[in-house]
2 protein chains.
Amino acid sequence: MALDEIDKKILRLLQEDAHYTLKDIANKINLSLTPVHDRVKRLEKDGIIEKYVTLLDKKKLGNNLTVYCQVTLTKQTYDTSEGFNQSILNLPEVVECNYVSGNFDYMLKIIIPDMESYHHFHQKKLSVLPEVSLINTVFVISEVKSTTVLPI
Amino acid sequence: MALDEIDKKILRLLQEDAHYTLKDIANKINLSLTPVHDRVKRLEKDGIIEKYVTLLDKKKLGNNLTVYCQVTLTKQTYDTSEGFNQSILNLPEVVECNYVSGNFDYMLKIIIPDMESYHHFHQKKLSVLPEVSLINTVFVISEVKSTTVLPI
DNA sequence: ACCAAAAACAGAATATTTTTCTGTAAAAGT
DNA sequence: ACTTTTACAGAAAAATATTCTGTTTTTGGT
């Protein structure tokens, strides 16, 4: 499962644009179609390549507000954690949720239309969860960088 | 540029899997190829569809540590901010960087192999930036949710 | 209400891309 | 040294995207 330099080149290209054709890639790395095809299939099978997705413009979809929620639970038990995790998975506004170290238990990233929708989300969806004790909100004022590209 | 229900169905599918074929989509929403093709092209032209990317498994690539960095700048001036922003764009470990409200100025998300690499990143790449005054690190213990899918 | 224009769609033809197949050369294992 | 495996190239086949033609529906204006 070790990646050689050719695998890395392929992954670097595909991370940037999932619509590069095999020919595009083959040309860029000076190979024929066959090895490129075989390697991509292997990378998919091995799960290095997780999936191909389409990224949409959140603002053009009307999502003009991004916030981080720092959530503290009522208890730090397994059951409490699991209950919270399950609830979060059903909330589409929550695009990231991580259990973290520090002064709070979870860091959430929320993408939502505006302050009014956030108010509603906060009051009716998040703070109502029985596991939630405290929510500290950090508002994003300006996005500097956002990438799905991992360094290889 | 208003999206009708058909556009939304197409976007919902493409968000999940950029490799759905036009035929796949056409079947799922009971249309022929032509309207699906035309709509996708329009959504691309209008920038609703931003790009198609490949998501890789960060752990299989050896990135076993995710951290949030809460950064405070030395000054809140425009020049300081811009200088910091530019530096961040060149750091591949930083996958998110947002200017935020609250007790600190920036929230960063860092994906990195291990604690040792984070130590190096913190000491040699982040804290050395002239605009940086304070760094508070929040370690991710466990990832609960991470999605590129926006609610439509 | 009527007409012209535009938009949305279906089906077929074409071009491009992916996938499979065949074979060769290099590398690895015994 | 020999076999097996791996990596690759080129070509054929299959699948997909793109373009073209034409019909129906919708829209906007009079």
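Order of the sequence lines sets the chain letters (A, B, ...), proteins ahead of strands, with each chain counted from 1.
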Please confirm whether B/Y68 and B/F139 have ring centers closer than 6.0 angstrom.
no
Taking the minimum atom-to-atom distance to the side chain of B/L22, which one of D/dC8, C/dA10, D/dA17 wins?
D/dA17
Can you tell me how far apart CD (A/E131) and CD1 (A/I88) are? Round to the nearest 0.5 Å.
9.0 Å
For the atom pair CE (A/M107) and CZ (A/F104), what is the distance rounded to the nearest 0.5 Å?
4.0 Å
Would you kindly give the CG-to-C1' distance between A/N27 and C/dT16, to the nearest whole Å?
14 Å
Could you state the atom-to-atom distance from NE2 of A/H19 to C1' of D/dT18 in whole Å?
13 Å
Assess the side chains of B/Y106 and B/T72: does a donor N or O sit below 3.5 Å from an acceptor N or O?
no
Please work out if B/I25 contacts a base, only the sugar-phosphate, or nothing of the nucleic acid, heavy-atom cut-off 4.0 Å.
nothing
A/K23 NZ to C/dA15 C1': how many Å, rounded?
10 Å
Between C/dA7 (P) and B/I6 (CD1): distance, integer Å
16 Å
Taking CG from A/D7 and C1' from D/dC8, how many angstroms apart are they, rounded to a whole number?
14 Å
Nearest whole Å is fine: how far is D/dA17 C1' from B/D24 CG?
13 Å
Residues A/R39, A/D4: salt bridge by 4.0 Å N-O rule:
yes
Between atom CG in B/L14 and atom P in D/dT16, what is the gap in whole Å?
15 Å
Sorted by number, residues from residues 33-49 of chain A placing a heavy atom under 4.0 Å from DNA chain C are A/L33, A/H37, A/K41
Indicate the atoms forming the closest heavy-atom contact of B/I111 with B/N63, along with that distance.
CG2-CB, 3.6 Å
Between atom CG in A/L31 and atom C1' in C/dT24, what is the gap in whole Å?
16 Å
Quick one: side chains of residues 19-26 of chain B, donor-acceptor pairs under 3.5 Å with protein atoms, not counting sequence neighbours, listed by atom name and distance.
| unit_1 | atom_1 | unit_2 | atom_2 | d |
| --- | --- | --- | --- | --- |
| B/T21 | OG1 | B/K23 | N | 3.4 |
| B/T21 | OG1 | B/D24 | N | 3.0 |
| B/T21 | OG1 | B/D24 | OD1 | 3.4 |
| B/T21 | OG1 | B/D24 | OD2 | 3.1 |
| B/D24 | OD2 | B/T21 | N | 2.9 |

B/S32 has a side chain; which of D/dT16, D/dC8, C/dC9 sits nearest to it?
C/dC9
